[in-house]
Amino acid sequence: MSAWRRLRVKLRSVPGFLVSIRPTQRHTSPYGRLTLCRSLSTGSHLRNEFFKDLEAQLAAFRKKAADALPGSSWSPLQINPNLPPERADIVIVGGGVVGWSIAYWLKQKEMVRGGVRVVVVEKDPTYSQASTVLSAGGIRQQFSLLENIHLSLASADFMRNINEHLGVLNEDPVDLQFNQSGYLFLANEEVAHIMEENYSTQRYAGAKVSLLSPTQLKQKFPWVNTDGVVLASYGLENEGWFDPWTLLNAFRRKAISMGVIQCYGEVTDFKCTTNVLRTSSGDTVDLKRIGSVKVQMPNSLEYQPVECAIVVNAAGAFSGKLTEMLGIGSGPKDSIAGIPLPVEPRKRYVYVVHCPDGPGLDTPFLIDYSGVYFRREGLGGNYIAGVSPEEAEEPDTSNLEVDHQFFEERVWPGLAHRVPAFEKLKVTSAWAGFYDYNTFDQNGIIGIHPLINNMYLATGFSGHGLQHSPAVGRAVAELILDGNFKTIDLSNFSFRRILTQEPMLEKNIV
Amino acid sequence: MMNSLHRCCQRSALLLHVARRRWSSSSASPPPLHTRLLLFLTQRFYDVEMLLSWRSQLTRNQLQKKNVYYGYTQRFYGLDIASAYFILSLKGGFRFAGQSEWFYADQKGKFSWDFLNHKDTPLEEVDMSYTVINYRGLCNLVLDLIHLSSESQRSLRTLKLRGCPEVDDWFLARLHVFQDSLEELDISHCPRITTGGLAALRNLKGLKRLDVSSLPGISSPGLVIILLEEMLPQCQITATGYDYNLNEAEGEEEEEHMQRQR
């Protein structure tokens, strides 16, 4: 009798709703626990199994029937959904903060909905080696080049109104966790004059910076050892540090909501058409135009050639490799084709230290004239410290392993000298990241390459990519859609300076 | 049409997967019915999405219009009268230096024009509690020319910003222009201020009284208040309205209670 009752219950559940029925429910003991019901007849056990299978089979049959009948979108030829589209207008190689900023601004500036089809290709979905997420996340206006100061000011403006720009309807507002703590540069006698010149340039450009004498410095920050310090430059506003992952995701979320297509894959090849021109002296110049980009799927042999009109190289530390694929740098030595893109990865270490008696809430991002820097991280007495290594001792860039000996030899003495409280500290963690280091003059390269008609470069920022990313994204979008820079004139950062060998060096004190 | 709707759903599903934080960051309970209905419609129809984005754009524009730079007033009447007019039009209040009476605007926004009699008297105390002042509006209290050093209200001593919904960290960072004169600052009940913004108060070394009560944005209030006291040693900090109890203690009590019941 009980078996029939159970069968009726099962038949009622057949029309599509999977109701979990416990056939042993009526065997509850008074102590509230279910005792296992062992039925004494094997026949009813086999019948239960049959009816359970029947339910699953009927559900599968219904699904197959629905798929096979006309009106469904099932097809026996399964297309990999992760492939990029076959045709796109603009392909941005590199899914870091600069790449996604360019994608956002391109969509922001298009005049009609769906005006440009933008695809962002990123080779690592985990962002394990990307410079964006491994960065210390600081933003400052204390540069010596006017363009850099304007880029930082524009980016700070953007971050101030970030919800106006990157707020998506019905989603959480963006919280960058911006610490308004300012940067503090310390100068000794030799470089104090550079600092004063930079100060007047910064004030002229509109940055809020103040100069401090050693006594004022000691008064403001009693934990600093002012030994050897002649002048200090302190940022009052729009300077500090923030969370780079949040900024990246905010750009990504907004860009995707506006229709940018995200693709995880690696660009392995380009298909170009070449125009061979002859100069008056008889040499040939190859003018290339990229026709399509070959995107290889991660961990697979599948690839998709994406036909595109414009390619943006925002690959950061790996931009040099990308241009090598196009033959830049492999021409004869004294021709334009023989000059490679001077961007290469450089490894930098960042150490997290814990010091219970260290400086408090007002700790700025302190950068000493010896190159040692540190900033506060959180509220628990943790700090992030590091130093830029000399040219001779540049670490190996094949991996992201951390050298702890480097901390003992180069970072700790400088820290302990500048802040006596740091003599008693403990290294809790460390990581390494790549700078997209511009070996020519350590400033960004923005513009079209002379030999490749439709490749825009936005790379080589040498550690300042994150803080300039909103403004650089807008500049590149203006270049592509308006033809020229409209808000900040970055023509001094074009590739031309590398051809004419005129470096735009930052006159920094470090 | 079905294709575009399908793509819209796909895109919104993708959107929901990209860096989605939990909905309940600010509100613990699920949103009310009309909000949920609007969210449902927004994810399926471009028109609804466009209308809602227009609405939010409109509120933002109205806010910016209220906080606009009173350039003409400054040019014809001077910085002090312009600041006074701005404060009154935002329904705040102020007191001139050397005077003892406060000028306020009432609920409907009406105010008397007597303040025009006091030309060239700087403002000493400003009360902008519960107004919609934001970073842009602050430029009316600060005269900021690029080539000269910033001339601000040199004698501004008290600034009350209690319960202002638009005062955030960047606003606090701008207050460095008052670093010589400001003695009392009240930023309690402002929902947008976080710990990073409180670090910006490092410049106000002359501050004597600071009120940071009931700030919903700071995560560990006890620690932050201690660090603030270390940062501003001459300042008296009022920080009420925080629950300093350890939440774990309550959880443990409940577990013990359940175990005893079994």
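A note on names: the letters A, B, ... follow the listed sequences, proteins ahead of strands, and every chain is numbered from 1.
Residues meeting the salt bridge (charged side-chain N to carboxylate O under 4.0 Å, His left out) test with A:Asp124, sequence neighbours left out: none.
Distance alone, capped at 3.5 Å, places no donor-acceptor pair between the B:Glu49 side chain and the B:Thr42 backbone. Between the A:Gln180 side chain and the A:Glu239 main chain, no donor and acceptor come within less than 3.5 Å of each other.
Figure legend: cation-pi geometry between B:Arg174 and B:Tyr135, with NZ or CZ positioned under 6.0 Å from the six-membered ring centre and within 45° of its axis. Seen from the ring of A:Phe251, A:Arg253 does not count as a face-on cation partner, given the 6.0 Å and 45° thresholds. Both cation-pi conditions hold for A:Arg113 and B:Tyr46: the charged atom is under 6.0 angstrom from the six-membered ring centre and inside a 45 degree cone around its axis.
Interface residue B:Leu52: backbone and side-chain heavy atoms are both found under 4.5 Å from chain A. Residue B:Gln64 touches chain A through its side chain alone, counting heavy-atom pairs closer than 4.5 Å. Using a 4.5 Å cut-off between heavy atoms, A:Asp157 does not touch chain B at all.
Ion pairing of B:Arg192 with B:Glu166 is present here, as a side-chain N (NZ or NE/NH1/NH2) and a carboxylate O approach within less than 4.0 Å.
Chain A is approached within less than 4.5 Å, heavy atom to heavy atom, by B:Arg202, B:Asn203, B:Lys205 from residues 202-215 of chain B, ordered by number.
Taking each heavy atom of A:Asp357 and A:Ala421 in turn, the nearest pair found is O-CB, 3.6 Å.
Across A:Tyr234, A:Phe242, A:Trp245, the residue that shares the most heavy-atom pairs under 4.5 angstrom with chain B is A:Tyr234. When the candidates A:Asn238, A:Leu236, A:Asn179 are compared by the number of heavy-atom contacts under 4.5 Å with chain B, A:Leu236 comes out ahead.
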